[in-house]
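In what follows, a structure is listed as structure tokens, so that the remarks can point back to it.
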Amino acid sequence: MYYQQQQSHPFLKIVVALPTMVAGCRGILEKGIQIDGLGMKNFLTYESNVLFALRFMIDCNVVGGNWIEVPAGKYRKTSKSLSNCQLEFDCLYSELISHAAEGEFSKMAPFRILSFDIECAGRKGHFPEPTHDPVIQVANLVTLQGEDQPFVRNIMTLNSCSPIVGVDVMSFETEREVLIAWKEFIREVDPDIIIGYNICKFDLPYLIERAATLGIAEFPVLGRIRNSRVRIKDATFSSRQYGTRESKEVTVEGRVQFDLLQVMQRDYKLSSYSLNSVSAHFLSEQKEDVHHSIISDLQNGNAETRRRLAVYCLKDAYLPQRLLDKLMLIYNYVEMARVTGVPLSFLLSRGQSIKVLSQLLRKAKEKNLVIPNVKRAGSEEKYEGATVLEPKAGFYENPIATLDFASLYPSIMMAYNLCYCTLVTPEDVRKLNLPPECVNKTPSGETFVKSNLQKGILPEILEELLTARKRAKADLKKAKDPFEKAVLDGRQLALKISANSVYGFTGATVAQLPCLEISSSVTSYGRQMIEHTKKLVEDKFTMLGGYEHNAEVIYGDTDSVMVQFGVSTVEAAMKLGREAAEYISGTFIKPINLEFEKVYYPYLLISKKRYAGLLWTNPDRFDKMDTKGIETVRRDNCLLVKNLVTECLHKILIDRDVPSAIQFVKNTISDLLMNRMDLSLLVITKGLTKTGDDYEVKAAHVTLAERMRKRDAATAPNVGDRVPYVIVKGAKGAKAFEKSEDPIYVLENNIPIDPQYYLENQISKPLLRIFEPILKNASKELLQGSHTRSISISTPSTGGIMKFAKKQLTCIGCKTLLSNSDQTLCSNCKGREAELYCKSVSQVSELEQIFGRLWTQCQECQGSLHQDVLCTSRDCPIFYRRKKAQKDMAEAKRQLDRWSF
DNA sequence: CACGATACCTAA
DNA sequence: TTAGTTAGGTATCGTG
């Protein structure tokens, strides 16, 4: 920490017998000890907060996912076996040879991967609890990493189960036998990695707690250490990036738990993280979603119904494996472990900073430096971030060129040698009197020495990461073998992410080694650079300077500027863009580089961080429609808004057909108000970011989560979950949080939704923001007119006061109220019986057909055309349509029944 | 009804 | 032995 003129200092290295003693030792030294002749003295400690496993790996030069050689003759068989491993021997740790992940050693190990899923029989209306409810099935798939089919597929069932092709069905008479069989299976298969969906929070703890309830003492020995019991601990993880999440920490020695739910939540921003929704998203494969209350019925049926359950259970074990393969997670995660040096398990259980710290510790060791364990200072400190240039909002119908700094923050840190060990304290600035040519004074006022005096560790780490990335990308181009390609692609991704998170690490005031002098210097250089770029572009590309038009920077954020060169073709904009990038890059120190990347044409700039446009990287045709920040890319909008905005942008930007966009809006509004909208389009989801009491204001999704907790605590959303809801009709002037409701509940109880809310609070503003730059009187054009007057005939409410209201019949022909409930038609419509009867009949048959089609579709999804559909998936549009069709059909049949002759 | 505070999510 | 950063838009709630 800080630039040290003196090349080396004496340090005292303290070695203790057990890892746990490090903390105690550190405490004593920090608090201070009495030394004869010196009095009370306290000490700054160094590297006293490094996790033991990481310490060991760093000292032995071992990284996560790394190959280790135990040289012949350097080990001997253990005298007494302590493990369940296939090979067991003793070896001195210093004899291990750690191989860098290159050549032969970059290959992935043939990990044995177990994917499993359990089913439990909850009591009616309750979510299963391990203290009451039995485990009735466990499905297992075992796959060798790199192979595309599992080599073991089995299901352990309580009670009989009809055979399933290609699956080893193992039936048992008692639950105890099921659990013991699974435990034995684990020992026999000896998996390296255990995967599944939500296994860390549900399946694993459930099995263990259930075994404890049943008193199966031998069950919780699932790891590789003989006689070591699995331990469970409640854990919460909380960070700005990943949010707060409660989970369970299950210790299974020697096997990595790789919960696909955690992977999804960390790596992808989705509106729903149910296995069903995720599978649909990544695998285009739906899965039936059987409500937990039905599972008991299937279990209590016969061998056939249990077989049905088994098929379902197997699919839940199969999908995580498919996701693992499809997203190449093993490659990406192992490469991340190799690049950053942390064990694989840290990547899912810990945050970003441990990865940077691991690299820092390794590099420091190499340089013979030690890292101080600085006190956690006040975390309130803030520093200024990046500049966002004031946007000149509007619809641009000429090409806009985009200039970007490549890896801006890493290159600033490299260019100006910003590091812990190059920072000069204000005191030292005065004392040391360093010559100006040896230091950089940053725009934020800090002083760092240049690399001739001391090369920074951070810049060196960054250089290595970026060079390695370049190499990985080059190798990737040459690679033929798909496995090799996967490894390299995973590696270049890991390298990029790692380089980008170094800056964040220095600014993390609650982390291990904050250094705001570095982070605020980085951003101050960044601010200076974007302003400089804007100025250069506007000064050079002028008519006075011999160009056809005056260039104008219309927007820019952090590391990019959008330039309107005034030219009318994409090609011309690209040419000028390249020229500008090259010219401006020349004015910066290496390795800072401004690149021309792309052209937007046309370009709709709404405000800071919000824009849309067609993106061109070559002049022949556009690559895609690119939207930033607006509703189409946000998860807290209902599909109705997302689809509507996407479709309008498509029509405006691609088709260049504004009238058709307007017509589309009108049709959609009309459909909404006529109650013709699919409920699935109206579902809004928002993340539950804290526990109930911590909220200071009431919000729709929070109050709904509370109400759901009262209905069924076990299935209600938890911290970190996303809560889907719809807004239903309520009292006049009721707040949104009073009108939010669970979509499934709405469907089952036939509660009318509030179309007006969707029109006024969901659709209108986003639309106006898009149309206003394009259309005069946008509000009048879109939101007023006949299409908004078609007031809905809502489905009658069954709850509340409506229970006491008697339903009055209306004329089948014209819907006027009838005084006499025996009547079918009013006096006006008398005489049209034949026509209207035919209409009723055809309505019923039409709806029957629609329903039939949807039903078949669901049957296909569940994989059998001979059985009832049980699926109630909140994430599946077909489910909502099927339910609606069913209701409509029933209503039509009721109408038909009124024609009793 | 205006306005600040809170909450959420995104850009970079 | 818990946590990468700041900037910014928008909706909604609560209060004066």
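So you know, we letter chains A, B, ... as the sequences are listed, proteins then strands, and number each from 1.
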(Q) Taking Watson-Crick (N1-N3 plus N6-O4 or O6-N4) and G-U wobble (N1-O2, O6-N3), each under 3.5 Å, can you produce the dot-bracket string of DNA chain B? Use [ ] for crossing pairs and | for inter-strand ones. (A) ||||||||||||
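At a non-hydrogen distance threshold of 4.0 Å, R350(A), G351(A) from residues 344-351 of chain A come into contact with DNA chain C.
If you take CD of E390(A) and P of dA7(C), they are 15 Å apart, rounded to a whole angstrom. Put simply, CG on N761(A) is 15 Å from P on dT10(C), counting in whole angstrom units. In this structure, the CZ atom of R527(A) is 12 Å from the P atom of dT6(C), given to the nearest Å.
Rounded to whole Å, the C1' atom of dA12(B) lies 14 Å from the corresponding atom of dG4(C).
Note on ring orientation: taking the six-membered ring where Trp is involved, the planes of Y242(A) and F237(A) are tilted (angle from 30° to 60°). Relative orientation of the Y611(A) and Y555(A) rings is perpendicular, given thresholds of 30° and 60° on the angle between their planes.
Residue whose closest nucleotide on DNA chain C sits further toward the 5' end, between S239(A) and E384(A): S239(A).
Nucleic acid contact class of G507(A) (heavy atoms, under 4.0 Å, all strands): sugar-phosphate only. No contact: S501(A) has no heavy atom under 4.0 Å from any strand. Within 4.0 Å of S48(A), counting heavy atoms only, lies at least one base atom of the nucleic acid. Across all strands shown, K765(A) has heavy atoms under 4.0 Å from sugar-phosphate atoms exclusively, and none from any base.
Out of dT1(C), dT12(C), dG14(C), the shortest distance to the side chain of K698(A) is found at dG14(C).
In this structure Q564(A) satisfies the side-chain hydrogen bond (donor to acceptor under 3.5 Å, both in side chains) test together with N398(A), sequence neighbours excluded. In terms of the side-chain hydrogen bond (donor to acceptor under 3.5 Å, both in side chains) criterion, E597(A) has no residue partners (sequence neighbours excluded). In terms of the side-chain hydrogen bond (donor to acceptor under 3.5 Å, both in side chains) criterion, residue partners of T689(A) (sequence neighbours excluded) are, by chain and number, Y695(A).
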Q: Assign a letter to each nucleotide of nucleotides 6-12 of chain B from its 5' end: B, base within under 4.0 Å of a protein heavy atom; S, sugar-phosphate only; -, no contact.
A: SSBBSBS
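For the atom pair T703(A) OG1 and E738(A) CD, the distance stands at 8.5 Å (nearest 0.5 Å).
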